[in-house]
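These notes concern the structure reproduced below.
The first residue in the sequence is number 1, and the count goes up from there. The figures that follow rest on heavy atoms only: side chains count, while hydrogens, waters and symmetry mates do not.
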Amino acid sequence: MVSLAQNFPKDKIRNIGIIAHIDAGKTTTTERILFYTGRTYKIGNTDEGTTVMDWMDQERARGITICSAATTCEWKDHRFNLIDTPGHVDFTAEVERSLRVLDGGVVVFDGVAGVEAQSETVWRQADRYGVPRICFVNKLDRTGADFFRCVGMIESRLKAHPIVIQLPLGRESSFTGLIDLVEGKAIVYEGKAEDAPKCLDIPEKEKASYEEHRQKMIESLSEADDQIMSDYLEGKEISVADIKAALRRVAISGKGIPVLCGSSLKNKGVQPLLDAIIDYLPSPSDKAEAQATEVKTGNSVACPIRDDSPLVALAFKIVADPFVGRLVYLRIYSGTITAGSTVLNATRDNKERVGRLLLMHANHHEEIESANAGSIVATMGSKNTFTGDTLCDISHQVLLEAISFPTPVISVAVEPKTRADRDKMIDGLTKLAEEDPTFKVSFNDETGQTVIAGMGELHLDVLVNRLMSEFKVGANVGAPKVAYKETITATSKVEGRFVRQSGGRGQYGHVMVEFSPNTGKGFEYVDNIRGGVLPREYIKAAGEGIKEAMETGGLAGYQVVDVKAAIYDGSFHEVDSNDMAFKMAGSLALKNGLQKCSSVILEPMMKVDVVTPEQYMGDIIGDLNARRGRVESIDTTGDTTTVHGVVPLSKTFGYTTDLRSMTQGRATFSLEFFQYQQVPASLAEEIKAETASKIN
């Protein structure tokens with residue numbers, strides 16, 4: 001295998017991610033990229049469980065990507081730091097953290113299905129982080145594949161500006177290659193996978209189509225690029241170099257999205273995709289400098305993309321490798337990191353020694369001495385660094401914006417089978433929680449159970465299987481439980497008074513607080529104390545008490561959210577008052593407030609997209625209604641219907657089996673978290689009673 005240890009110039013680096021809906025062909029595309037760049041000598045296959053990037057046992061057994069895997073390869077004197085991301089909604093955090101550190105993305109679409117539910121989710125995530133993209137319409141060899149329908153869906157459903165730069169040559173089983181609209185040539189694939197494609201003149205019967213779509217490409221490009229618009233209106237000849245330069249400007253600015261086509265499984269269209277990554281996606285130096293906050297002053301500072309600047313790096317992924325140990329994946333925004341050096345973890349204010357530095361290739365690695373700005377590497381030995389932490393030069397203390405992750409919506413209880421399993425279970429759960437920020441572990445004092453929470457049934461099922469197989473833990477797992485929440489719907493002024501006298505010095509805390517709904521804005525604490533009625537430290541302590549009480553649970557035992565608390569009065573005792581007493585007073589004020597402010601229970605609602613043959617549509621809609629769901633819209637393409645709806649998470653358990661029964665296994669569905677909504681009053685009483693019975 002060729003060594004990749006040397007550093008590359010900034011303009012020769014591409015940090016890219018392969019993102020898409022589940023089963024659109026991300027991993028298959030990545031495997032072909034590795035093969036054609038010479039990183040591997042045999043093409044891995046998802047169905048056969050021989051992929052390099054899906055290396056975990058769970059991934060190979062299920063045929064899906066679970067963890068984003070990083071690799072490094074080279075193509076035409078450029079280095080690609082490549083991340084293959086999961087497509088299943090339960091593992092959306094992997095996409096989130098990958099997009100946070102990447103410079104560009106390749107969005108893969110299924111040529112038959114087009115834009116699917118998770119395609120929209122990853123597109124929104126890429127929009128949020130300002131990640132330039134190119135699109136690759138895959139699987140054009142399959143029956144029912146329609147390139148232009150897919151392009152239309154990119155425009156209508158994703159509200160994007162697609163610019164078609166390739167046309168498929170042939171349809172479905174007769175798909176043999178593609179027409180390059182930029183360079184005006186046909187690229188034909190014949191023979192074996194390792195054979196180079198043939199570049200030919202455009203066939204006579206395709207010339208009219210080529211001329212029409214090349215004109216459309218230039219018109220689309222002129223809408224997004226002033227230089228091309230000027231040349232187009234003046235009737236100037238627009239050269240290949242002009243088009244490529246304009247496509248690059250448009251793609252990097254996000255004003256347009258170049259669209260390519262192919263069939264990764266049949267090894268068609270991958271080499272032109274690699275060329276397009278070099279031509280149209282940005283290098284680290286093309287991106288705006290990352291902004292950080294100085295720890296001491298709070299001022300915003302830029303992180304120059306230079307090797308001689310002070311080090312600024314973001315830890316975006318933690319992996320507990322069973323052979324190598326704990327790995328921390330870093331994106332270096334500024335400066336150079338060296339093996340054996342000491343850096344500062346500015347997030348946690350502690351020093352970390354950088355152990356070995358590694359270039360990753362899925363679960364394999366190559367050791368390097370140093371890595372420069374723009375690189376993505378892994379390091380060993382950083383025991384106290386976690387996802388979202390900033391590593392920086394000790395003399396240049398700055399913080400990068402952390403990565404935000406969604407809250408878990410489903411939980412199960414796990415119990416070790418034996419006393420020996422208990423310690424192993426705690427160790428395993430701790431390591432899994434370090435790896436996955438959407439996986440939460442807590443201990444319920446009332447029931448004595450360890451509770452794990454995640455993003456869905458599949459997410460928890462995978463983690464429990466990993467706990468048993470990787471960490472050799474024997475455990476019993478309970479039924480899934482929904483993560484309900486509580487909030488208030490009215491405004492009220494309440495009192496919180498904590499008085500305790502037990503001989504000697506007592507405890508005294510007294511606050512008056514106005515609670516009001518704060519829909520969608522989380523917890524907000526306002527100090528309306530006037531005239532120094534309470535010391536500042538007691539006001540702060542009361543707020544901490546309210547916040548802690550919200551997290552530990554309201555009247556029904558669930559986390560309280562979206563509350564505004566304004567403290568406006570209170571009293572204290574010169575001797576008996578302290579921070580703890582006012583914390584307790586704040587906690588009591590919240591409990592009183594929940595009773596007076598009409599607290600309600602909220603439940604997670606899920607977006608559901610069901611793809612089904614038309615004859616089963618009536619049964620599916622009836623079933624969704626029976627699950628307290630509602631149908632939002634219905635799309636029909638040929639004899640396939642997609643039902644878009646919203647359904648409570650609590651009613652989705654076991655839906656896979658029920659849907660298969662209703663449709664003879666012919667329908668598929670995807671779920672995505674939508675929002676929290678108020679539970680109907682009759683059901684709220686049932687939930688409260690069920691919770692109370694479990695506690696008792």
Side-chain angles (χ1 to χ4, degrees), residues 407 445-446 483-502 505-603 676-689 691-692 695-696:
T407 336
D445 293 321
E446 292 167 331
Y484 293 105
K485 293 183 179 180
E486 294 180 53
T487 193
I488 57 175
T489 56
T491 300
S492 182
K493 293 181 176 180
V494 299
E495 181 179 38
R497 183 189 294 270
F498 180 71
V499 182
R500 180 165 295 170
Q501 203 71 42
S502 55
R505 187 170 177 177
Q507 299 270 346
Y508 182 86
H510 173 227
V511 293
M512 301 291 291
V513 185
E514 181 180 57
F515 289 101
S516 56
N518 202 32
T519 309
K521 297 178 183 175
F523 173 60
E524 187 179 346
Y525 185 55
V526 181
D527 175 10
N528 285 341
I529 294 286
R530 297 291 177 265
V533 175
L534 290 176
R536 288 277 165 228
E537 62 268 25
Y538 294 163
I539 296 170
K540 183 181 177 185
E544 290 172 357
I546 293 169
K547 189 176 181 182
E548 286 178 13
M550 288 174 63
E551 289 169 357
T552 53
L555 300 179
Y558 301 110
Q559 181 188 1
V560 182
V561 295
D562 296 343
V563 170
K564 182 177 180 180
I567 182 169
Y568 64 91
D569 201 359
S571 61
F572 70 101
H573 190 278
E574 290 288 351
V575 177
D576 291 349
S577 290
N578 55 40
D579 287 358
M580 185 54 67
F582 272 87
K583 259 192 173 183
M584 291 301 297
S587 176
L588 291 170
L590 176 75
K591 286 184 167 50
N592 295 335
L594 289 172
Q595 291 173 338
K596 288 190 174 182
C597 296
S598 308
S599 75
V600 294
I601 296 177
L602 305 174
E603 65 178 338
Y676 271 88
Q677 287 183 4
Q678 185 175 333
V679 170
S682 57
L683 189 61
E685 293 305 316
E686 285 180 30
I687 293 169
K688 287 178 183 177
T691 306
I695 292 173
N696 298 329

For this session: For the pair Tyr538 and Asp579, evaluate side chain to side chain contact (heavy atoms under 4.5 Å, CB included) and give the outcome as yes or no after the intermediate values.
Result: CA-CA 6 Å; Tyr538 294 163; Asp579 287 358; 3.6 Å; yes

For this session: Give the intermediate values and the outcome of side chain to side chain contact (heavy atoms under 4.5 Å, CB included) for residues His573 and His510.
Result: CA-CA 9 Å; His573 190 278; His510 173 227; over 6 Å; no

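Remark: side-chain polar atoms of Asp576 are paired, donor with acceptor, to backbone N or O of Gly506 under 3.5 angstrom. In this structure a side-chain-to-backbone donor-acceptor pair under 3.5 Å is missing from Ser598 to Thr489. Between the side chain of Asp562 and the backbone N or O of Gly522 there is at least one donor-acceptor pair closer than 3.5 Å. No donor-acceptor pair closer than 3.5 Å links the side chain of Tyr484 to the backbone N or O of Ala556. Under the 3.5 Å distance criterion, the side-chain polar atoms of Asn592 are matched with a main-chain donor or acceptor of Glu495.
Val533 and Asp569 make their closest contact through CG1-OD1, 3.5 Å (heavy atoms, listed as atom of the first residue, atom of the second, distance). Pairing each heavy atom of Leu534 with each of Phe572, the nearest pair is CD2-CD2, 4.0 Å. Between Ala585 and Val511 the shortest heavy-atom distance is O-CG2, 3.9 Å. A pairwise comparison of heavy atoms in Pro517 and Thr491 identifies CD-OG1, 3.6 Å as the closest pair. When all heavy atoms of Tyr558 and Ile601 are compared, the closest pair comes out as CE1-CD1, 4.5 Å. Contact between Ser571 and Phe582 at its shortest, heavy atoms only, is O-CZ, 3.3 Å.
A search for ring-ring contact (aromatic ring centres under 6.0 Å, His included) contacts involving Tyr525 returns nothing, not counting sequence neighbours.
Summarising the geometry, atom CD belonging to Gln559 is positioned 9.5 Å from atom OG1 belonging to Thr552; distances are rounded to the nearest 0.5 Å. One distance of note links CD of Glu544 with NZ of Lys583; it measures 5.0 Å at 0.5 Å rounding. Expressed to the nearest 0.5 Å, how far CE of Met550 lies from CG of Leu594 amounts to 8.5 Å. Distance check, rounded to the nearest 0.5 Å: NZ of Lys485 to CD of Glu603 gives 13.0 Å.
Looking at Ser587 and Lys591, their side chains come closer than 4.5 Å, going by heavy atoms from C-beta outward. For the pair Ser492 and Phe515, the minimum side-chain heavy-atom distance is 4.5 Å or more. The shortest distance between side-chain heavy atoms of Val600 and Thr487 falls below 4.5 Å. Proximity of Val499 to Arg497: side-chain heavy atoms (C-beta onward) are separated by under 4.5 Å at one or more points. For the pair Val561/Tyr676, no side-chain contact is recorded, criterion being any heavy-atom separation below 4.5 Å from C-beta on. Side chains of Met584 and Gln507 form no contact here, defined as non-hydrogen atoms less than 4.5 Å apart.
Ion pairing between a basic and an acidic side chain is recognised when a charged N comes within 4.0 Å of a carboxylate O; Arg536 and Asp527 show such pairing.
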